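Single-structure report; data block below.
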Amino acid sequence: MSESAASERTSALDHPYDPAEVESHWYRHWVEKGYFTPQLPSALDDATAAELRKKAFTIFIPPPNVTGSLTMGHVLVQSLQDVVIRWRRKEGDLALWLPGTDHAGIATQNVVERMLAERGRTRHELGRDGFLKEVWQWKEKYGGLITEQEKRLGCSLDWTRERFTMDEGLSRAVNEVFVRLYRKGLVYRGHYIVNWCPRCLTALSDEEVNHEEREGQLWHIKYPIKGTEKFLTVATTRPETMLGDVAVAVAPKDRRYSKLVGKTLVLPLMRREIPVIADEYVDPKFGTGAVKVTPAHDPNDFAIGQRHGLEPIVVMNPDGTMSDKAGDFAGLDRFAARKRVLERLSDLGLLARTETHKLSIGTCDRCDTIVEPYLSLQWFVRMKPLAEPAIEAAKRKRVKFFPPRWTKVYMHWMTHIRDWCISRQLWWGHRIPVWYCEAPGCNEIIVDTTPPTECTKCHGGKLRQDEDVLDTWFSSWLWPFSTLGWPERTNDLRVFYPGSLLVTGPDIIFFWVARMIMAGDEFMGEEPFPHVYLNSIVRDAQGRKMSKSLGNSPDPIEIMNRYGADALRFTTIFLTPTGQDLIFDEKRCETGKFFANKIWNAAKLVSMRLGDLDPTTVRDSQLTLTLTDRWIVSRYARCVRDTTRYLKTYRFNDAANAVYRFAWHEYCDWYLELVKPRWSDEGAVGDPAGARTARVIAHRVLEGILHLLHPFMPFLTEEVWQAIPHQGESITVAPWPKAKKAWFDADAEADMALLRDLVVAVRNLRAEMNLPPAKMVPVVVRGDEKQSEKIRANRDLLAPLARVDQWTISPQATRPGVAASAVVRGMEVWLPLAGLVDLDAERMRLAREADRVLGDLEGTRRKLMNQDFLTKAKKEVVERERAKLAQLEETVAKLKRAEEALRA
RNA sequence: GGGCGAUUAGCUCAGUUGGUUAGAGUGCCUGCUUGACAUGCAGGAGGUCAGUGGUUCAAGUCCACUAUCGCCCACCA
């Protein structure tokens, strides 16, 4: 490398670390270079496809809502995926991370309707087409916000393959799936009780309803028995539904009521005559043992009604007001009606009593309105047949969950699966591909992927498409293959399906994960991914889930502005516990920022000291490794091995931790400090080979750290890597480090541990004695031959770290008069400090230390006196205890001697 | 009503198949403008591992029960 290049290089790091600057330009560069876009040949024969398939590593992003903006939850999920995909890319895989957004039917429609409301308009004024035009406009304008934020975060997504669930291609897949399932008899239409949101005015699936336990009331109402003065008392939590009662049911074997079965009651307030029937469903022990039957407003009652041939009466309108079938109460809101009904019953003396009662209440996932069980005509998917292969997949471990406990949650839902209500009374979404012939008397239903021009039966041209759209998740569950071009057998589909990993929150296991597995099995014959990693839920310092509505989620963009995207990513992952929730506090981002700064400065130091040496051209044979070099190389190898291993098992925080600890506390704190004297210019004069080695090793390990850190901190690592000597055009695509076996050096690690302990002991003594750091001290060490030899050989290395100017090291060394002392690995270490030592304080310190050791010694001694331990414990454990005992006894003796010496 | 998870330093968490003195980050205390970094360096204090009982030579780790907190599932009106 030339002079000028070298100085240019140095200047790149020659200013303080500024994340905003570092993160401002790389993303565009990466995208322009196409690093995130795996290329396939346009003509792809099967053999080549199979080859590429082996190299492919695919992650499908959980598509965020187009209405969304980045939350801390997204930051965590996206960062985790980016870590994996960047790591796999560096490992040489054909890595695809496919981006996109979800049209989010209800959520988006709500947002746009709110916007219209601000302009004083409603969607009904605009009409269906006009409204949809508004939504698309809105989507064009704001739909890109979250994807821009993903770029800011550094997500290495392939934007050339970006998808939206309402894209033409994905819509085709949706229609195809609907039609196939219909023809297989797995999609059907019918009148059933569904969850109805009176605010959103649509049906919901069971998963879109949240159940909350609330304190409510159980009202006991007296129904007069026709032709008598007597009553039959029923209990209910929703008295307004009595207006739609068509019967009262009792348990068949309930003696109390057996005489009443078949008799007629007069429904209060409605004066309708209804029968008393017997049905197994009724639990005689609950309430009064008599149940009012309202088939149009309760799923159980609906079933009872069907068994007994009772006609349901719908007493409520879709918006939650009472219908014209509700007599005097028509037009009242359901809760006003409830109050009124109770008042009237009370006036009539028909309210027997009221008791408090815990009940679970269903609310709309989107708007929190209390959901109403409501009889209506909807489309459903028969789920049992789809669930079977998906259950097998988990049983046979073709799909594995991380952490594994989520498997149970998945299995429980799968084995208790119920049919999926997929029609929504909305405008924004995939229109159901069903047409009804309007020719008089025809009634033909046409289900097809493309709009028919005439009736298949009567050839009439008057066709009306079903008004409803499909549940948002009906497109999301196809995501892993619809995004790749299915139903066409595209090259992308052949190479990238199935994917490799899914990362998502446990809250959408049912909504999305389970359904994707079912769709994969059904339409591709193969599960969409072998591994599902469920990430932590992000909570605030008080442990509350971070959410928009609570307003307790900080804006990630602001955090990035303050700390940097790298810091945010690193911190989030560093903090996320495997399988537990993440408690996030913005201030913690300092961890990441300070670490980035540390790396920056270490690189600056190394870069400065390299001078005009280009370490990438130096061969191993030109190096002469010292103990320090061998040690850091060995520790580095360990770090590479550990980090890679943690990534493989999705222990992301451990991976981040491993790099952090090694880079900071081994490489910076010890290695760089240890080599400083060697690679200084003076050192180079005396020992040019040694100086070169120190520079090259420092550079190599630094570069290795950058590689390991790159998935976590992409911007910083690219900037620094580009600023130091390197080969290749981007760290993004430079190979992931491999730990060579030969790098592991147990001897070097053991020797360094001894030297480190000694340095720490001396520092410790200095601190206890309140010696200023500038003051140099003499040190006397008495250890065995081997220890003395090691220390003597490396004393120049230790001198600057321990601030020692004069060493006495020998097995025969003696106490130098008045001294502070310590025992390290059996070695006695003295700081001769006549006049400086506070004798009393030092004696007390030694006594305390001896006490502590004595405690351990007692425990060990007791163990070794236990006959059972000696005979039953493993031999090496006993041996270890014996060695420990000897060592402890020696240490105590030495400490005692030191203490006594101070008495004299 | 079922199921799951958590309980280890002031705070947030590690702690593999039981086996040296239970670790890390952060916070706290002390001392340092040591030519990369005060976003730093060095040193230190701080824990009866929620409780009880059991298995074992040996339990933070395995088993049972209890307590507290959190989450999920469930059509008792």
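All heavy atoms count here, side chains included; hydrogens, waters and symmetry mates do not. Each chain gets a letter, A, B and so on, in the order its sequence line appears, and its residues count up from 1. Model, not experiment: these values are computed from the prediction.
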Any strand counts, and the cut-off is 3.5 Å on both contacts for Watson-Crick or G-U wobble. Which nucleotide pairs with rC69(B)?
rG5(B)

C1'-based separation of rG46(B) from rG27(B) [nearest Å]:
11 Å

Please work out if His665(A) contacts a base, only the sugar-phosphate, or nothing of the nucleic acid, heavy-atom cut-off 4.0 Å.
sugar-phosphate

Regarding Arg845(A), tell me which of base, sugar-phosphate or nothing describes its non-hydrogen contacts under 4.0 Å with the strands shown.
nothing

Report the relative orientation of the aromatic rings in Phe595(A) and Phe570(A); use parallel for angles under 30°, tilted for 30 to 60°, perpendicular for over 60°.
tilted

Starting at atom CG of Asn601(A), determine the distance to atom C1' of rA36(B), rounded to an integer number of angstrom.
5 Å

What I want to check is whether an N or O donor and acceptor connect the side chain of Lys598(A) with the base of rC37(B) at under 3.5 Å.
yes

Backbone N/O of Lys775(A) and side chain of Arg766(A): donor-acceptor pair under 3.5 Å:
yes

Would you measure the distance from the P atom in rG10(B) across to the matching atom in rG47(B) and give it in whole Å?
7 Å

With sugar-phosphate meaning primed atoms plus P, OP1 and OP2, does Glu673(A) contact a base, only sugar-phosphate, or nothing at under 4.0 Å between heavy atoms?
base

Grab the CZ-P distance between Arg661(A) and rG25(B) for me, whole Å please.
8 Å

Return no unless some side-chain N or O of His220(A) is found under 4.0 Å from OP1 or OP2 of rA77(B).
no

Assess whether a salt bridge exists between Glu586(A) and Arg562(A), defined as any Lys/Arg side-chain N lying under 4.0 Å from an Asp/Glu carboxylate O.
yes

Integer-rounded Å distance: rC71(B) P and Asn210(A) CG
12 Å

Is Ile583(A) touching bases, backbone alone, or none of the nucleic acid, heavy atoms closer than 4.0 Å?
sugar-phosphate

Sticking with atom P, work out how far rC28(B) lies from rC73(B), rounded to a whole angstrom.
41 Å

Considering just the side-chain nitrogens and oxygens of Arg588(A), establish if one lies under 4.0 Å of OP1 or OP2 belonging to rC11(B).
no

Any Arg609(A) side-chain nitrogen or oxygen under 4.0 Å from OP1 or OP2 of rA36(B):
yes

So which nucleotide does rU52(B) pair with, by the Watson-Crick or G-U wobble rule with both distances under 3.5 Å?
rA64(B)

Just checking Tyr410(A): base, sugar-phosphate only, or nothing, at a heavy-atom cut-off of under 4.0 Å?
nothing

In terms of side-chain heavy atoms of Arg763(A), which of rA42(B), rG25(B), rC73(B) is nearest?
rA42(B)

Students often get this wrong, so: under 4.0 angstrom with heavy atoms, is Lys285(A) touching a base, only sugar-phosphate, or nothing?
nothing

For Phe510(A) and rC71(B), give me the distance from atom CZ to atom C1', rounded to whole Å.
12 Å

Among rG40(B), rA77(B), rC71(B), the nucleotide that comes nearest once only the side chain of Arg539(A) is considered:
rC71(B)

Whom does rU17(B) pair with, Watson-Crick or G-U wobble, provided both distances fall under 3.5 Å?
none

In this structure, how many angstroms lie between the P atom of rC72(B) and the CZ atom of Phe401(A), rounded?
18 Å

Is it the case that the side chain of Arg238(A) and the backbone of Asp298(A) share a donor-acceptor pair, with hydrogens and angles ignored and the cut-off at 3.5 Å?
no

Could you pick out which residue, Leu771(A) or Cys668(A), lies toward the 5' side of RNA chain B when each is mapped onto its nearest nucleotide?
Leu771(A)

Distance, P atom - from rG60(B) to rG23(B), rounded to whole angstrom
14 Å

Rounded to the nearest Å, what distance is computed from the CZ atom of residue Phe869(A) to the C1' atom of nucleotide rU56(B)?
13 Å

Considering just the side-chain nitrogens and oxygens of Lys604(A), establish if one lies under 4.0 Å of OP1 or OP2 belonging to rA36(B).
no

Is the ring centre of Tyr374(A) less than 6.0 Å from the ring centre of Trp196(A)?
yes

Under 4.0 Å, heavy atoms only, any strand: does Asn764(A) hit a base, just the sugar-phosphate, or nothing?
sugar-phosphate

Return the nucleotide paired to rG46(B): Watson-Crick means purine N1 to pyrimidine N3 with N6-O4 or O6-N4, wobble means G-U with N1-O2 and O6-N3, both under 3.5 Å.
none

Has the side chain of Asp868(A) got a donor or acceptor that lies under 3.5 Å from a partner of the other kind on the base of rC57(B)?
no

Between rG51(B) and rC29(B), how far apart are the two P atoms, rounded to whole Å?
30 Å

Rounded to the nearest 0.5 Å, how far does CH2 of Trp600(A) lie from OG of Ser607(A)?
10.0 Å

Categorize Phe595(A) for me: base, sugar-phosphate, or nothing, with a 4.0 angstrom heavy-atom threshold over every strand shown.
nothing

Using a heavy-atom cut-off of under 4.0 Å over every strand shown, decide if Asp669(A) touches base, sugar-phosphate, or nothing.
sugar-phosphate

Would you say the base of rA36(B) and the side-chain of Lys676(A) have a donor-acceptor pair closer than 3.5 Å?
yes

Residue mapping more 5' on RNA chain B - nearest nucleotide basis, Arg238(A) or Val409(A)
Val409(A)

In this structure, how many angstroms lie between the C1' atom of rA38(B) and the CD atom of Glu590(A), rounded?
13 Å

Under 4.0 Å, counting only non-hydrogen atoms across every strand here, what does Trp664(A) touch: a base, just sugar-phosphate, or nothing?
sugar-phosphate

Work out how far the P atom of rC11(B) is from that of rG5(B), and round it to whole angstrom.
24 Å

Heavy atoms only, 4.0 Å cut-off, all strands: where does Gly289(A) land among base, sugar-phosphate and nothing?
base

Measure the acute angle between the ring planes of Tyr667(A) and Tyr671(A), then classify it against the limits of 30° and 60° as parallel, tilted or perpendicular.
parallel

Which part of the nucleic acid, if any, lies within reach of His357(A) when heavy atoms closer than 4.0 Å are counted: base, sugar-phosphate only, or nothing?
sugar-phosphate

Kindly say whether the aromatic ring centers of Trp664(A) and Tyr660(A) come within a distance under 6.0 Å.
yes

Integer-rounded Å distance: rU55(B) P and Lys872(A) NZ:
13 Å

Nucleotide forming a Watson-Crick or wobble pair with rG27(B), both distances under 3.5 Å:
none

Pick the C1' atom in rA14(B) and in rU26(B), then give their distance to the nearest Å.
14 Å

Say we look at rU34(B) and rA45(B): how far apart would their P atoms be, to the nearest angstrom?
26 Å

When we call it a touch if two heavy atoms are under 4.0 Å apart, what does Val293(A) touch: a base, just sugar-phosphate, or nothing?
nothing

Are the side chain of Asn653(A) and the backbone N or O of Leu575(A) linked by a donor-acceptor pair below 3.5 Å?
no

